[in-house]
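Scroll down for the structure; my scribbles are underneath it.
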2 protein chains.
Amino acid sequence: MAKNPTGKGSSSRREGSGRAISESTTERLSIYLRCLTQLERAGVETISSKEMAQRFQLNSALIRKDLTYFGEFGMRGVGYNVPELRSHIVQILGLDRELRVAIIGAGNLGQALADYRGFNSEGCRIVVLFDVAPEKVGTQSRGGVPVRHVDMLEQTLRDEKVNIVALAVPSGQGQALLERAAAAGVRAVLNFVPDRLRPPEGVFIRNVDLKIQLEGLAFQLARVQ
Amino acid sequence: MAKNPTGKGSSSRREGSGRAISESTTERLSIYLRCLTQLERAGVETISSKEMAQRFQLNSALIRKDLTYFGEFGMRGVGYNVPELRSHIVQILGLDRELRVAIIGAGNLGQALADYRGFNSEGCRIVVLFDVAPEKVGTQSRGGVPVRHVDMLEQTLRDEKVNIVALAVPSGQGQALLERAAAAGVRAVLNFVPDRLRPPEGVFIRNVDLKIQLEGLAFQLARVQ
DNA sequence: TACTGTGAAATCTTTCACAGCA
DNA sequence: TGCTGTGAAAGATTTCACAGTA
């Protein structure tokens, strides 16, 4: 029973009506989207699963399987129409509506994330930072994202119609803020806090744990010799 | 044949002599280590796999399996000795020697990473940042990490005995820098560049792709309703 | 008794291989 | 011919269940 023990890597999630889609598949959809965006810019009209597979060192059957979970987008003998497939994936990933993101914690990491390009593109917007430090509240990040006091969390999340919260606070402070955000209606959280958080009912959490990644590399180095 | 198609999530790697250990197992070892560190500080002497499992919503058999890949550390009827198990894991993860980390790219993200607490602890030290911008070269991060010119990359990596490189440069510039670092003897890379890099022979890469995480959340939001 | 260590089963993911269609 | 879509096989990971032991 391969469920999702670590909350990372291969895992599945069941939804109301649809079938369960693994996290690996979702991840690859994002990768395909990038590829298709580049191809579309370059004016390429069609691409085969084999060609895409070569770019990413993937198996072409896997790409076809990933895509057929959502429909039959290809043309036998030809491949996939690039702009068409791209727009399908944009829709599948829910990037056709605006994602409004708030970051809790305006430390080094929070500020860097606020101004991170990858976050401010493709229908995604960082609208506000939160912190408790009086000298930060009222200021803006270099990129112009305003910093509000955490006391204003619930109200601001609602007023700004925030969909996704990124947690970038010190260890130990994540769970309480997660619960406050959830109570204010947020249902998706990107967690940078190096603690294991318990997701409130109906809330999705993705963990980005930099130390675990670093230790994973240390492990590989230690093993090889 | 579940190999490692995305370079993230569940994957295995074979080493010279030992058996293949999955990336999931490695990730969990880091999690156990944190837990044990806390327990040791709190003066707890022993812990059972069941107790640990409850803390992380994991299955206790999985924890036991993870640990027995590396030895028989437990005592039947009792559990595991906390300080002893902790020191075993430190050794397994290779955290008993110093990890010297360099970050290429002193933009928002690179600077934030340089001063990130999680990176500067437990035998891990950020020793240098690299950039090409003349106004950055010669300065220091807030935390005091010096910024050198990328022209000095190879020499500095060797002089500073860097084990691990973090890539935090704009899209398109990752592959060339990866290859230069590899040629200078670096064998482990933490990649923040949103491109798929091709690892040179013998080089381990871990990808941290923030946009993919965000899009994964967008997907979940789009699905539920 | 209470726990570890582990073979076997269950589950999930990826790859193979090919039918079927443009 | 060349590609997609897909059933079946292969492989990997997780869980179950229990023998064995301190």
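No experiment lies behind these values; they were computed from the predicted model shown. Proteins get letters first, then strands, A, B, ... in listed order; numbering begins at 1 in each.
Of the charged side-chain nitrogens involved, at least one lies within less than 4.0 Å of a carboxylate oxygen, so that Arg206(B) and Glu23(B) count as a salt-bridged pair.
Nearest to the side-chain atoms of Ser24(A) among the listed nucleotides dC3(C), dT14(D), dT14(C) stands dT14(C). Candidate nucleotides dT15(D), dT4(C), dC16(C) were compared by shortest atom distance to the side chain of Ala61(A), and dC16(C) ranks first. The side chain of Lys65(B) lies closest to dT15(D), out of dT15(D), dT14(C), dA17(D). Across dT6(C), dT14(D), dT15(C), the shortest atom-to-atom separation from the side chain of Thr68(B) is found for dT6(C). When distances run from any side-chain atom of Ser48(B) to the nucleotides dT4(D), dC16(C), dT4(C), the shortest one goes to dT4(C).
Look at CG on Leu67(A): it is 16 Å from P on dC3(D), rounded to the nearest Å. Atom pair Ile63(A):CD1 and dT14(C):P shows a separation of 12 Å (rounding to whole Å applied). Rounding to whole angstrom units, CD of residue Glu72(A) and P of dC3(D) are separated by 18 Å.
The base of dT4(C) sits with one of its N or O atoms less than 3.5 Å from a complementary donor or acceptor on the side chain of Arg76(B).
For DNA chain D, none of the residues of residues 81-92 of chain A falls under the heavy-atom distance limit of 4.0 Å.
Here the closest non-hydrogen pair linking Phe56(B) and Cys35(B) is CZ-CB, 3.4 Å.
Here Thr25(B) lies out of heavy-atom contact (under 4.0 Å) with every strand.
Note that CG of Leu29(A) is 13.0 Å distant from NE2 of His88(A), once rounded to the nearest 0.5 Å.
Ring planes of Phe219(B) and Phe70(A): perpendicular class, angle over 60° (limits at 30 and 60°).
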Hey, mind stepping through Glu51(B) and Val44(B) against side-chain contact (heavy atoms from CB on, under 4.5 Å) and telling me if it holds? CA-CA 12 Å; Glu51(B) 262 178 278; Val44(B) 178; over 6 Å; no
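The residue among Arg64(A) and Val78(A) whose nearest nucleotide of DNA chain C is located toward the 5' end is Arg64(A).
Between the side chains of Arg64(B) and Ser60(B), a donor-acceptor pair is found at a separation under 3.5 Å.
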